[in-house]
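Below: one structure, written as structure tokens.
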Amino acid sequence: MPACEDKSVADIEDIFGDVFSQAERLAAKPDVVPRVRKRKVEASKVQEISPPEEVQADSIIPGTQKIYLKTWGCSHNGSDGEYMAGQLASYGYKITDNDKDADLWVLNSCTVKAPAEDHFRNTMNAGRQQGKRLVVAGCVPQAQPRMDYLKGVSVVGVQQIDRVVEVVEETFKGNTVRLLGQKKKDGKKTGGAKLDLPKIRRNPLIEILAINTGCLNQCTYCKTKHARGELGSYPPEELVERVRQSFQEGVCEIWLTSEDTGAYGKDIGVTIVDLLKQLVEVIPEGCMMRIGMTNPPYILEHLEEISKILKHPRVYSFLHVPVQSGSDSVLMDMKREYCVADFRHVMDFLREKVPNVNIATDFICGFPTETQQDHEETLKLVEDYKFASVFINQFFPRPGTPAARMPQVPGQEKKRRTKDLSTLFQSYMPYEHKLGERCHVLVTEESTDGQYYVGHNKCYDQVLVPKKDGFLGKMIEVEVIETGKHFLKARLPQDGDMYTPSIAQPLLKGQVSGAPEQVALQQVSHGTPMWMTIAIFGIVLATLCRFIYIALQHR
């Protein structure tokens with residue numbers, strides 16, 4: 001049996017493995033006497049429960065409280081938040097959008113940039129000031145669990161989201177719980193929690209599917225690596241089954257997500273192409289799949305096959321390939337493992353092979369070793385390709401990363417370079433040539449201003465359509481009547497066709513995916529689950545019988 005100081009121990013269950021059966025453990029439970037002793041454990045492996053505080057909640061009957069859940073960051077984090085909400089709702093907790101009305105806050109954080117972490121920390125402080133019980137999750141506490149402002153707060157690690165109910169229960173009891181271990185199978189890291197857990201989709205029409213976690217890179221500026229770690233992929237058969245289940249629940253669009261979708265499978269002997277070929281076979285007619293972000297080194301290996309998949313009628317001709325800089329010198333200091341010529345090859349090949357392909361990219365302005373000449377090379381790359389979608393980020397040094405220890409570019413200079421690139425991006429109109437074009441659009445959501453429905457055409461351009469009953473969840477033929485910097489506006493022509501791609505009725509907003517139907521419907525109506533009603537009735541009846549017994553004893 002490994003010693004408790006063993007660095008490989010991620011959770012208490014790892015100490016025993018399969019030495020004892022479940023029946024033997026339960027039989028011995030009454031004889032177990034806990035003994036407190038101090039020990040030193042690596043921060044990233046810690047699992048601890050502090051002594052209980054005085055409970056302030058009105059009730060600690062499991063599942064009777066309201067929970068507010070907020071998520072920052074990427075679509076992978078969004079998927080984790082949906083899974084946590086689904087498990088809590090299935091257990092009986094009411095998920096609320098009203099933070100002031102909630103008994104406990106679950107805050108699912110992002111560590112990519114300093115502003116996101118600042119907002120997360122400010123929200124924590126606001127919760128403390130309001131006397132809310134807090135559970136934090138996501139990349140911030142996973143990467144730096146010993147931060148001062150995280151002391152005394154329960155933590156759900158990025159690979160422990162399947163245990164969020166345990167953590168919330170203990171937190172309501174006044175305990176502080178921290179679960180930060182990794183999921184492993186046969187000694188190897190896996191993709192994470194099971195994919196068939198209950199979840200509440202933010203949008204019932206879209207399934208966000210994390211195909212792997214972590215990555216193979218060592219980028220000098222990246223803090224996410226500290227949280228998500230090395231690559232861990234889900235087996236293809238589990239992902240295919242999850243996609244099938246999603247379509248059976250009325251989903252019409254799949255988003256594949258991870259820290260690097262191109263690296264998928266390298267740890268388990270398969271490739272992203274192998275997975276995509278299996279997935280397109282189970283996508284119903286009219287439904288669509290969006291491939292997530294991939295770094296250039298991995299797509300270079302599969303350009304020919306990827307181009308064929310992007311042309312598939314049920315796959316968006318869209319790819320997110322972050323280049324980060326137009327300078328080879330900066331890319332080397334970032335440890336990005338490719339050069340600008342590699343990225344240009346990806347762009348040129350896909351634009352030649354895939355009609356109207358839409359490739360989005362990212363840039364970091366003001367990296368510590370970036371010179372004015374490097375910055376001008378970045379501007380030249382944008383001028384040459386005139387990307388329709390560009391994510392421009394001012395460099396923020398993240399604690400613990402190599403880039404944070406480098407001499408920094410002055411703040412005003414970083415702002416100037418960021419403004420330069422933003423001005424260049426705003427100077428051209430990428431959609432003007434599409435005015436008058438007819439295309440099919442899958443309508444999946446409402447615009448932020450509430451004035452339109454939003455759909456996407458084959459190359460994943462954002463298309464605004466009239467907000468009419470019956471459009472949401474439909475594949476409709478439209479004509480583009482206006483173009484903007486970030487959108488197309490369209491109308492439905494008289495001879496345009498429209499049909500429903502979903503093979504089942506979509507779940508209602510807030511309904512639990514993967515849970516028994518009766519539980520899901522109870523959550524939608526926000527009623528008290530039947531099991532909880534019976535439990536409360538039993539407690540009340542037992543208490544009443546006890547009072548009667550005591551009264552009879554004293555007659």
Side-chain angles (χ1 to χ4, degrees), residues 75 206 253 255 286 288-293 307 310-323 326 343-344 346-363 378-393 418-468 471-472 474-493 495-498:
S75 55
I206 298 175
E253 187 168 289
W255 294 358
M288 298 296 290
M289 179 172 71
R290 188 188 80 176
I291 302 173
M293 186 274 288
S307 68
L310 291 176
K311 288 188 286 187
H312 193 284
R314 295 189 290 277
V315 178
Y316 286 118
S317 301
F318 168 84
L319 212 55
H320 180 191
V321 187
V323 62
F343 178 78
R344 286 181 177 271
V346 170
M347 290 292 303
D348 295 341
F349 186 92
L350 292 179
R351 283 190 170 183
E352 177 186 351
K353 297 289 186 178
V354 184
N356 298 313
V357 67
N358 181 2
I359 300 177
T361 195
D362 299 5
F363 290 97
T378 294
L379 296 175
K380 179 70 166 57
L381 191 64
V382 175
E383 286 175 351
D384 288 347
Y385 288 101
K386 291 184 168 55
F387 308 95
S389 181
V390 176
F391 301 94
I392 301 170
N393 303 290
T418 303
K419 185 178 180 180
D420 275 356
L421 187 54
S422 298
T423 300
L424 172 60
F425 175 60
Q426 295 295 333
S427 69
Y428 60 86
M429 302 296 287
Y431 300 125
E432 283 183 330
H433 64 287
K434 297 193 176 186
L435 187 64
E437 180 179 280
R438 289 180 68 145
C439 58
H440 283 86
V441 171
L442 181 58
V443 182
T444 55
E445 56 192 325
E446 187 180 286
S447 62
T448 52
D449 63 5
Q451 300 300 307
Y452 300 92
Y453 280 141
V454 179
H456 295 89
N457 59 13
K458 177 66 168 68
C459 50
Y460 206 69
D461 298 326
Q462 180 175 259
V463 182
L464 304 179
V465 299
K467 191 176 177 182
K468 292 185 178 179
F471 275 15
L472 199 61
K474 299 291 194 299
M475 178 71 79
I476 61 177
E477 186 180 9
V478 299
E479 179 185 355
V480 177
I481 59 172
E482 182 184 338
T483 64
K485 174 63 181 176
H486 304 286
F487 67 90
L488 306 172
K489 191 179 292 185
R491 67 178 182 86
L492 186 66
D495 60 342
D497 60 352
M498 178 171 66

>> Please give me the minimum heavy-atom distance between Ser447 and Asp449, naming the atom from each residue.
In response: OG-OD1, 2.6 Å

> What is the minimum heavy-atom distance between Val463 and Ala490, and which atoms define it?
Replying inline: CG1-CB, 3.7 Å

>> Holding to side chain to side chain donor-acceptor pair (under 3.5 Å), I want the full list of residues that pass it with Arg438, two or more places apart in sequence or in another chain.
In response: Glu477, Asp495

> CG of Leu424 to NZ of Lys419: how many Å apart, nearest 0.5 Å?
Replying inline: 14.0 Å

>> Within the structure provided, determine whether Pro322 and Met293 are in side-chain contact (heavy-atom separation under 4.5 Å).
In response: yes

> Are the side chain of Lys485 and the backbone N or O of Tyr431 linked by a donor-acceptor pair below 3.5 Å?
Replying inline: no

>> Set out, in order, the CA-CA distance, both residues' side-chain angles and the distance that settles side chain to side chain contact (heavy atoms under 4.5 Å, CB included) for Val315 and Ile291, then state yes or no.
In response: CA-CA 8 Å; Val315 178; Ile291 302 173; 4.1 Å; yes

> Who passes side chain to side chain donor-acceptor pair (under 3.5 Å) against Asp461, sequence neighbours left out?
Replying inline: Lys434, Asn457

>> Applying salt bridge (Lys or Arg N to Asp or Glu O under 4.0 Å), can you list everything that pairs with Arg314, at least two apart in sequence or on another chain?
In response: Glu285

>> Name the residue from Asn393, Val390, Leu379 that meets the side chain to side chain contact (heavy atoms under 4.5 Å, CB included) definition with Phe363.
In response: Val390

> Should Phe391 and His320 be marked as a ring pair (Phe, Tyr, Trp, His ring centres under 6.0 Å) after you check the CA-CA gap, both sets of side-chain angles, and the distance that decides it?
Replying inline: CA-CA 10 Å; Phe391 301 94; His320 180 191; 5.3 Å; yes

>> Can you give me the closest heavy-atom contact between Phe318 and Cys459, atom names plus distance?
In response: CB-O, 4.2 Å

> Can you tell me how far the CD atom of Gln451 sits from the CG atom of Leu464, to the nearest 0.5 Å?
Replying inline: 10.5 Å

> Is there side-chain contact between Ile476 and Val443, with at least one heavy-atom pair below 4.5 Å?
Replying inline: yes

>> Could you tell me if the side chain of Glu482 sits less than 4.5 Å from the side chain of Arg491, heavy atoms only?
In response: no

> Closest heavy-atom contact between Thr444 and Leu472?
Replying inline: C-CD1, 3.6 Å

> How about Tyr316 and Glu253: do any of their side-chain heavy atoms sit closer than 4.5 Å?
Replying inline: yes

> Mind checking what makes salt bridge (Lys or Arg N to Asp or Glu O under 4.0 Å) contact with Glu446, not counting sequence neighbours?
Replying inline: Lys467

>> side chain to side chain contact (heavy atoms under 4.5 Å, CB included), that's the test. Do Ser317 and Asn358 meet it? Break it down for me.
In response: CA-CA 6 Å; Ser317 301; Asn358 181 2; over 6 Å; no

Contacts table for residues 380-387: side-chain donor-acceptor under 3.5 angstrom, sequence neighbours left out:
| residue | atom | partner | partner atom | Å |
| --- | --- | --- | --- | --- |
| Lys380 | NZ | Asp384 | OD1 | 3.0 |
| Lys380 | NZ | Asp384 | OD2 | 2.9 |
| Asp384 | OD2 | Arg344 | NH1 | 3.3 |
| Asp384 | OD2 | Arg344 | NH2 | 2.9 |
| Tyr385 | OH | Asp348 | OD1 | 2.9 |
| Lys386 | NZ | Glu383 | O | 3.1 |

>> For Ser307, give me all partners under side chain to side chain donor-acceptor pair (under 3.5 Å), at least two apart in sequence or on another chain.
In response: none

> Measuring from Leu310:CG to Asn356:CG, what's the distance to the nearest 0.5 Å?
Replying inline: 12.5 Å

>> So which atom in Met475 and which in Leu442 form the shortest heavy-atom distance, rounded to 0.1 Å?
In response: SD-N, 3.7 Å

> Within a radius of less than 6.0 Å around OH of Tyr452, do more than 12 heavy atoms belonging to other residues, nucleotides or ligands occur?
Replying inline: no

>> Determine whether a donor-acceptor pair (N or O, by modelled atom type, separation under 3.5 Å) exists between the side chain of Thr483 and the backbone of Leu435.
In response: no

>> Please report the interatomic distance NZ(Lys474) to CG(Asp497), rounded to the nearest 0.5 Å.
In response: 13.0 Å

>> Can you give me the closest heavy-atom contact between His456 and Glu445, atom names plus distance?
In response: CE1-OE2, 4.1 Å

